[in-house]
Amino acid sequence: RSKDAGGGKFHHYEPQLHVAAEERRVLEQALRKALTNDELHLTYQPVVDAGSGLLTGFEALVRWTHPELGPISPVKFIPLAEDARLIGPIGEWVLRSACAEAANWPGDARIAVNVSPEQLHNPGFVAVVASALANSGLPARRLELEVTESVFMRDDTGAVKVLERILDLGVRLSLDDFGTGYSSLGYLSRTRFSTIKIDRSFVIGASKKVPEAIAIIRAVVALAQSLGMATTAEGVETEDEHVMVQQLGCTKVQGYYFGRPLPVEEARVLAQRAAYNREAA
Ligand code: C2E
Ligand code: MG
Ligand code: MG
Ligand code: MG
């Protein structure tokens with residue numbers, strides 16, 4: 001470390017390596033305390049019907065504000081939590097909090113919660129979902145769990161069983177970031193997904209008229225339709241992107257164009273307004 005600074009043969013690349021490793025170590029230690037120190041909170045991003053523009057629900061997205069380092073992106077700390085075996089407790093906190101917060105909102109907006117593969121490889125997770133629903137009073141049909149294709153990459157028999165038992169509770173499943181991971185489609189016939197979420201990379205490509213991106217969205221929409229699933233276009237930022245994914249037949253849309261991830265109070269107001277509009281209609 002610093003004691004051989006200026007001396008060691010490999011000094012030219014070592015300092016950076018140490019910074020990365022050191023940063024990881026510091027963040028991991030901090031993350032261990034984040035839950036008990038109340039440093040996590042949830043934001044809620046609206047998901048809307050592509051045709052009517054009406055709110056269908058929200059995706060819960062976790063946020064971590066470190067007392068000194070400030071906000072740290074989930075893109076950074078979720079993989080860290082997965083490596084450090086902290087995703088179990090953090091994921092459970094996210095699920096229980098999202099159910100508890102959304103249960104109090106007027107109307108029947110759905111609430112989607114991201115679940116890491118590690119959580120689904122733990123059979124005890126089914127009981128956690130059941131208890132999050134029971135404690136909050138959120139009806140199971142209002143909860144949706146988002147899983148990625150990576151769940152099906154390693155030996156997945158355990159995870160598939162867990163997903164089946166979650167479906168038996170009446171909870172829905174959606175397939176997140178579709179097209180960015182594992183390419184075998186066999187699992188689509190084994191596990192009942194309600195929605196396929198098309199990754200933002202394809203949305204960007206389609207709006208730039210990249211033929212391959214357009215072809216892929218078309219194919220995914222056709223596949224989803226024939227399997228009775230909805231399709232959500234992720235990360236729609238502009239009107240052009242919205243028009244494009246709507247023309248391609250995506251049934252739901254999500255992105256900054258419709259709304260950023262919102263603090264819980266603002267999400268509640270939006271849910272209330274949506275419930276009112278629906279009653280008035
Ligand atoms: P994701 O599940 O695909 O979530 C969508 C991400 O895209 C979110 O980033 C969201 O803020 C961002 N996004 C939404 N609309 C737009 C847009 O129009 N343009 C762009 N450029 N981005 C948009 P976020 O909140 O930083 O989360 C990143 C990822 O972290 C999530 O991707 C998910 O994989 C993971 N994550 C977040 N919260 C949780 C959680 O509670 N549990 C687990 N396991 N993973 C989580
Ligand atoms: Mg997601
Ligand atoms: Mg996604
Ligand atoms: Mg994504």
Side-chain angles (χ1 to χ4, degrees), residues 31 34-35 39-48 50 56-65 71-102 110-122 125 128-129 132 143-151 159 172-181 193-207 220 230-242 244-245 250 252-264 266-267:
L31 195 52
L35 264 182
E39 292 165 12
L40 300 181
H41 72 278
L42 296 179
T43 59
Y44 295 90
Q45 185 173 37
V47 179
V48 311
T56 65
F58 296 90
E59 177 174 4
L61 294 159
V62 67
R63 296 291 178 260
W64 176 26
T65 314
I72 298 163
S73 165
V75 175
K76 200 169 193 175
F77 77 80
I78 291 292
L80 200 73
E82 288 170 343
D83 289 350
R85 302 180 148 269
L86 291 168
I87 196 64
I90 290 176
E92 180 170 344
W93 179 88
V94 168
L95 182 67
R96 290 185 185 280
S97 307
C99 290
E101 292 185 331
R110 237 169 250 160
I111 191 80
V113 173
N114 292 284
V115 173
S116 289
E118 284 69 16
Q119 294 174 269
L120 297 169
H121 288 277
N122 167 19
F125 184 62
V128 170
V129 176
L143 179 64
E144 185 171 298
L145 299 185
E146 297 196 358
V147 308
T148 57
E149 298 159 285
S150 58
V151 170
R172 290 164 203 259
L173 299 178
S174 60
L175 196 52
D176 205 354
D177 301 333
F178 189 76
T180 61
F193 288 95
S194 300
T195 299
I196 295 178
K197 300 190 76 172
I198 299 172
D199 191 69
R200 163 156 173 79
S201 50
F202 300 107
V203 174
I204 297 172
S207 75
V220 174
T231 38
T232 304
E234 287 192 282
V236 175
E237 290 186 355
T238 65
E239 181 169 9
D240 279 358
E241 288 173 354
H242 172 49
M244 184 48 116
V245 297
C250 293
K252 291 184 279 182
V253 281
Q254 178 181 355
Y256 298 163
Y257 184 61
F258 305 96
R260 299 244 165 194
L262 303 170
V264 60
E266 286 177 44

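Treat the numbers as computed from the prediction; the structure is a model and nothing was measured. The figures here come from the full heavy-atom set of this structure, side chains too, leaving out hydrogens, waters and symmetry mates. In listed order, ligands and their atoms are each counted from 1.
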Nitrogen or oxygen atoms of [X] and ligand 1 under 3.5 Å apart:
{"X": "Glu59", "result": "yes"}
{"X": "Glu234", "result": "yes"}
{"X": "Tyr256", "result": "yes"}
{"X": "Ile87", "result": "no"}
{"X": "Asp177", "result": "yes"}

Is there a heavy atom of [X] sitting under 4.0 angstrom from any atom of ligand 1?
{"X": "Pro261", "answer": "yes"}
{"X": "Arg63", "answer": "yes"}
{"X": "Lys197", "answer": "no"}

Looking at [X], which of its N, O or S atoms is the nearest one to the Mg ion (ligand 3)?
{"X": "Asp176", "result": "OD1"}
{"X": "Glu234", "result": "OE2"}
{"X": "Asp177", "result": "OD1"}

Candidate pair Leu145 and Leu95, rule side-chain contact (heavy atoms from CB on, under 4.5 Å), full reasoning | CA-CA 9 Å; Leu145 299 185; Leu95 182 67; 3.9 Å; yes
Would you mind telling me if ligand 1 is within reach of the side chain of [X], the backbone, both or neither, using heavy atoms under 4.0 Å?
{"X": "Val94", "result": "side chain"}
{"X": "Gln45", "result": "side chain"}
{"X": "Thr148", "result": "neither"}

Would Glu241 and Arg200 count as a salt bridge (Lys or Arg N to Asp or Glu O under 4.0 Å) if you check the C-alpha gap in whole Å, the side-chain angles of each, and the deciding distance to 0.1 Å?
-> CA-CA 10 Å; Glu241 288 173 354; Arg200 163 156 173 79; 3.6 Å; yes
Glu59: its N/O/S atom lying closest to the Mg ion (ligand 2) (atom name) =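 Going by distance to the Mg ion (ligand 2), the closest N, O or S atom in Glu59 is OE2.
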What atom name does the N, O or S atom of Glu146 nearest to the Mg ion (ligand 2) carry?
->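 Going by distance to the Mg ion (ligand 2), the closest N, O or S atom in Glu146 is OE1.
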Is any side-chain heavy atom of Val115 closer than 4.5 Å to a side-chain heavy atom of Val94?
->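 Val115 vs Val94: side chains apart.
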Shortest non-hydrogen contact between [X] and [Y], atoms and distance:
{"X": "Ala98", "Y": "Tyr44", "value": "CA-OH, 3.5 Å"}
{"X": "Gln254", "Y": "Pro46", "value": "CG-O, 3.6 Å"}
{"X": "Glu149", "Y": "Leu175", "value": "N-CD1, 4.1 Å"}

Can you check salt bridge (Lys or Arg N to Asp or Glu O under 4.0 Å) on Glu59 and Lys197, steps first, answer last?
-> CA-CA 12 Å; Glu59 177 174 4; Lys197 300 190 76 172; 3.0 Å; yes
Taking the side chain from Ser116 and the backbone from Gln119, do they hold a donor-acceptor pair closer than 3.5 Å?
-> no
Note: heavy atom closest to atom 33 (C) of ligand 1, options Asn114, Val253, Thr238, Val75, belongs to Asn114
How long is the gap from CH2 on Trp64 to CG on Leu35, to the nearest 0.5 Å?
->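 Going from CH2 on Trp64 over to CG on Leu35, the span is 10.5 Å.
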Would you call the rings of His242 and Phe258 parallel, tilted or perpendicular, where under 30° means parallel and over 60° means perpendicular?
->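 Ring orientation of His242 relative to Phe258: perpendicular.
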Check ligand 1 against Asp176 and write out every atom of the ligand that is under 4.0 Å from a heavy-atom position of the residue.
->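 So the atoms of ligand 1 that pass are 1 (P), 2 (O), 3 (O).
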Under 4.0 Å from one or more heavy atoms of Val236, ligand 1 contributes atoms 18 (O)
Closer than 2.8 Å to the Mg ion (ligand 2), do we get an N, O or S atom from Asn114, backbone or side chain?
->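 Yes, Asn114 qualifies, because one of its backbone or side-chain N, O or S atoms lies under 2.8 Å.
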Answer yes if the side chains of Asp199 and Ser201 hold a donor-acceptor pair under 3.5 Å, and no otherwise.
->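 Yes.
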Do Thr195 and Lys252 have side-chain N/O donor and acceptor atoms under 3.5 Å apart?
-> yes
